[in-house]
There are 2 protein chains.
Amino acid sequence: MSETINRPGRRIARPATVTLKHVAERAGVSPITVSRVINTPDAVSEALREKVGRAVEELGYLPNRVAGALASAESRVVPVIVPSLSNAVFIEVIQGVQEVLEVAGYQLLLGNTQYDLQREQDLAATLLGWSPAGVIIAGLRHTDRTRAMLQAWRRPVVEIMEHGTRAIDMNVGLSHYKAGDAMGEHLVSRGYREIGFIGGRLKADYRALHRYKGLERSLARHGLRRRPPFTHESKSSPQLGGDAFMRALDASPDLDAIFFANDDLAVGAILRAQREGIAVPKRVAIAGFNGFGIGELVQPSLTTIVSPRQQIGQIAANKLIARMQGRESGAASVDVGFTLRVGEST
Amino acid sequence: MSETINRPGRRIARPATVTLKHVAERAGVSPITVSRVINTPDAVSEALREKVGRAVEELGYLPNRVAGALASAESRVVPVIVPSLSNAVFIEVIQGVQEVLEVAGYQLLLGNTQYDLQREQDLAATLLGWSPAGVIIAGLRHTDRTRAMLQAWRRPVVEIMEHGTRAIDMNVGLSHYKAGDAMGEHLVSRGYREIGFIGGRLKADYRALHRYKGLERSLARHGLRRRPPFTHESKSSPQLGGDAFMRALDASPDLDAIFFANDDLAVGAILRAQREGIAVPKRVAIAGFNGFGIGELVQPSLTTIVSPRQQIGQIAANKLIARMQGRESGAASVDVGFTLRVGEST
DNA sequence: AGATATAATGGTTGCGCTACCATGAATAGC
DNA sequence: GCTATTCATGGTAGCGCAACCATTATATCT
């Protein structure tokens with residue numbers, strides 16, 4: 001039996017990279033010591049820290065996070081999975097998350113499901129392959145496999161935006177149903193009786209649908225007419241809000257108030273009303289949802305429901321970090337609530 | 001010489017994970033074959049694809065991207081480094097990037113420098129440690145080390161937002177100087193003579209400063225008075241725009257036109273003027289920069305410069321992917337230009 | 001002084017995967 | 001019918017780092 005002559009494997013050298021080992025040689029210490037200087041500088045003497053620091057400088061060493069993540073089976077990365085990037089709500093949530101993660105030294109990996117649960121599942125599978133330290137994901141509604149995958153995973157998961165009882169792990173959000181109900185109560189208390197709802201993609205954006213359902217309950221409670229929502233299939237924008245507003249008034253001239261699924265649409269309606277000479281709220285009242293700043297500046301100012309969006313992101317990130325660092329243990333659910341901001345438009 | 005009895009190393013088992021090897025055993029093939037089924041399914045027979053696919057399903061295998069990235073020295077991740085997330089401009093750019101990357105199977109890693117070049121440098125160093133496939137970074141202005149780092153790196157880099165000649169590698173953007181000049185020409189052609197500029201954080205947001213410089217050049221060309229910019233230190237918002245507008249008019253009642261650094265400020269000024277009963281453009285003209293949709297809806301509609309933000313992101317991502325896939329080779333610079341959208345506010 | 005505790009450093013292994021080459025099977029060419 | 005060429009699959013090594021324990025050197029105690 002002859003010796004194997006050919007020794008397969010990597011023979012071609014990669015482009016030269018500076019690694020821990022090179023730094024260690026330069027500094028005359030062991031690689032593991034270099035690792036410690038970088039990751040847990042407190043566990044190492046001042047002299048070494050300096051010596052190694054100098055070698056790092058001289059060689060221009062950049063730690064390879066990928067190798068570190070493989071060795072430790074954890075990367076300092078947190079995927080944030082949202083349904084849309086064109087909706088400012090999610091942007092503000094992402095901002096809140098990013099602020100908190102950055103300080104703690106974590107990177108944010110962005111996932112956009114485009115309101116597609118299948119895509120969400122694929123995204124989750126891919127992103128879990130990065131051994132992230134935790135996951136933040138919008139919504140409580142997922143495919144069974146997504147739920148199973150996240151549940152089987154041993155790291156913290158925070159579901160955000162809506163508040164509910166059947167969370168995978170942790171949950172930070174608010175009840176959109178209650179928010180819709182609250183707006184209904186407000187409109188009714190102001191004397192409006194013919195109340196409509198305008199929103200888009202209600203099948204995909206089921207949180208908006210919950211707001212509608214909440215409104216419906218309120219209307220039912222007062223024995224008022226419940227109308228099907230005026231809906232459309234394009235993404236929300238002020239432009240679209242203005243158009244949908246005109247169409248709705250055309251189709252149902254008896255409307256005396258309209259609850260829009262979000263502020264983008266509602267602000268568009270107010271600006272359009274202004275141009276068309278439609279008196280708000282005299283002819284028809286307008287209400288929104290979100291609490292964007294622009295709602296306070298238009299004339300009349302917008303009645304809306306303010307959700308603490310940035311705060312949702314911050315809380316979610318903080319809960320994640322607390323768990324990752326071993327502080328705080330149990331799962332937990334936070335209802336961040338909402339506030340009704342009454343403007344001149346109702 | 002005695003044998004080493006103690007064999008240090010990893011002895012504690014990790015939480016059981018399903019790996020390539022397990023899938024391979026289950027499917028009765030070699031690990032490398034499983035890898036191929038997953039990464040290059042075309043290079044493998046139909047029968048194997050099915051057999052392996054079944055094993056993957058049954059075991060619920062999730063590929064470990066970290067290990068893959070280490071072995072191949074490349075991860076399908078692209079960091080996007082921007083100075084701010086509260087500015088909608090960057091959000092739209094990110095959207096454009098994300099759209100394109102997603103289709104090509106890349107993940108977006110988010111970096112926020114908060115207009116701090118030192119932070120940008122640290123971020124770049126950290127993010128390069130992820131062996132990303134390429135980098136997209138806002139701006140042409142960086143610390144020397146950042147430039148050196150990115151230049152020494154062997155992968156594609158796209159600098160976005162502004163267009164210039166001294167790019168590290170590729171560049172997609174527009175000339176903010178020319179944009180400011182163009183707006184100056186417009187205002188002068190409309191007969192305005194006392195033209196001011198309102199913007200915030202001009203030291204950090206040097207692109208806004210370039211717009212001011214462009215305006216200045218235009219004013220100089222026509223022998224008009226050049227005023228220092230009215231500036232402030234908080235982040236831009238319509239609220240702030242309204243306030244700054246009132247203060248500027250107070251301080252310099254002779255102003256007959258104001259060029260705002262961005263549309264957020266300008267729209268705020270228009271809405272504030274409306275509330276205060278200040279006639280726009282009769283008493284004072286207002287112009288912005290960006291071309292956000294809301295500018296077309298306010299009354300009077302806003303004169304502004306439209307920059308193709310989403311397109312910048314898309315082009316940048318496409319150039320990156322082209323290079324990563326070996327199509328297209330040289331560096332290249334794209335000036336996406338801008339258009340003046342004349343509204344009722346000037 | 002001797003024993004013990006504490007702190008600082010090092011050696012070895014393996015994380016899970018892909019690059020590389022080798023090999024065997026199937027097909028084509030003459 | 002034999003060799004040349006593709007095609008499909010496998011074997012081995014190593015990517016760069018951190019986990020684990022061992023081994024010193026140093027401080028603290030009795």
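Note on naming: letters A, B, ... go to the chains in the order of the sequence lines (proteins, then strands), and numbering restarts at 1 for each one. The figures here come from the full heavy-atom set of this structure, side chains too, leaving out hydrogens, waters and symmetry mates.
Remark: P of C:dG16 and CG of B:Asn64 are 7 Å apart, rounded to the nearest angstrom. A straight line from CG of B:Leu48 to P of D:dG10 spans 7 Å, rounded to a whole angstrom. Put simply, NZ on A:Lys21 is 14 Å from P on C:dT13, counting in whole angstrom units. Rounding to whole angstrom units, CD of residue A:Glu74 and C1' of C:dG16 are separated by 17 Å. What separates NZ of A:Lys51 from P of C:dT9 is a distance of 8 Å, to the nearest Å.
B:Glu50 CD: 12 or fewer foreign heavy atoms inside a 6.0 Å radius.
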Show every donor-acceptor pair shorter than 3.5 Å between a side-chain atom in residues 123-136 of chain A and any protein atom, with sequence neighbours excluded, or say none if there are none.
{"residue": "A:Thr126", "atom": "OG1", "partner": "A:Asp122", "partner atom": "O", "Å": "3.1"}

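If you check C:dA19, D:dC17, C:dG16 against the side chain of A:Leu20, the one that comes closest is D:dC17. Set against D:dT9, C:dC17, C:dA19, the side chain of B:Ile32 has C:dA19 as its closest nucleotide.
An OP1 or OP2 oxygen of C:dC15 is reached within less than 4.0 angstrom by no side-chain nitrogen or oxygen of B:Thr17. Within the structure, every side-chain polar atom (N or O) of A:Ser72 is placed at least 4.0 Å from both OP1 and OP2 of D:dC17. Contact between the side-chain N/O atoms of A:Thr33 and the OP1/OP2 oxygens of C:dG10 is found at a separation under 4.0 Å. Of the side-chain N and O atoms in B:Asn39, one or more sit less than 4.0 angstrom from OP1 or OP2 of C:dT18. A close approach under 4.0 Å does occur between a side-chain nitrogen or oxygen of B:Ser30 and OP1 or OP2 of D:dG10.
Along DNA chain D, the nucleotide closest to B:Ala67 and the one closest to B:Gly28 are compared, and the more 5′ of them pairs with B:Gly28.
In summary, the side chains of A:Thr19 and A:Thr17 do not present any donor paired with an acceptor at a separation below 3.5 Å, with no hydrogens or angles considered.
Counting distance only, with no hydrogens placed and no angle test, the side-chain atoms of A:Arg36 and the base atoms of C:dG10 include a donor-acceptor pair under 3.5 Å.
Without hydrogens or angle criteria, B:Tyr106 side chain to B:Ala317 main chain gives no donor-acceptor distance under 3.5 Å.
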